[in-house]
Amino acid sequence: MNVNSALTAINSTDGLKQAVGIQMLKKTSDTQTDLTTTLIQDFANNQAQVTAPAAPHLGANLDIRV
């Protein structure tokens with residue numbers, strides 16, 4: 001979304017433009033928050049599915065060559 005038009009309206013001397021600009025900025029912020037929340041939830045869900053179980057013998061033997 002274009003935030004510049006909302007910021008320009010907020011800085012305007014016209015009260016109606018200011019009110020509309022503030023509402024547009026609030027809606028933009030709410031939309032970004034919702035999208036970010038969805039993105040983080042989707043990422044967390046995918047991480048839970050991708051995680052592989054640990055190998056049963058991991059760390060049990062140590063191979064050293066000299």
Side-chain angles (χ1 to χ4, degrees):
M1 298 186 120
N2 189 359
V3 178
N4 290 332
S5 60
L7 292 175
T8 302
I10 289 171
N11 292 328
S12 172
T13 57
D14 187 5
L16 179 60
K17 284 184 180 179
Q18 285 180 343
V20 169
I22 290 170
Q23 288 301 319
M24 285 175 47
L25 195 59
K26 183 177 179 333
K27 290 213 180 273
T28 302
S29 176
D30 291 345
T31 301
Q32 288 176 346
T33 302
D34 291 342
L35 290 173
T36 303
T37 302
T38 302
L39 178 71
I40 290 172
Q41 287 175 347
D42 288 347
F43 180 76
N45 290 340
N46 285 335
Q47 288 297 88
Q49 293 173 1
V50 171
T51 305
H57 302 292
L58 186 63
N61 298 324
L62 182 61
D63 293 331
I64 300 176
R65 296 181 188 200
V66 182

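When the side-chain contact (heavy atoms from CB on, under 4.5 Å) test is applied to Thr33, the partners found at least two apart in sequence or on another chain are Ser29, Thr37.
Note that the NZ atom of Lys27 and the CG atom of Leu25 stand 12.0 Å from one another [nearest 0.5 Å]. In this structure, the separation between CD on Gln23 and OG1 on Thr28 is 10.5 Å, given to the nearest 0.5 Å.
Identified under the salt bridge (charged side-chain N to carboxylate O under 4.0 Å, His left out) test for residues 29-39, with sequence neighbours left out: Lys26-Asp30.
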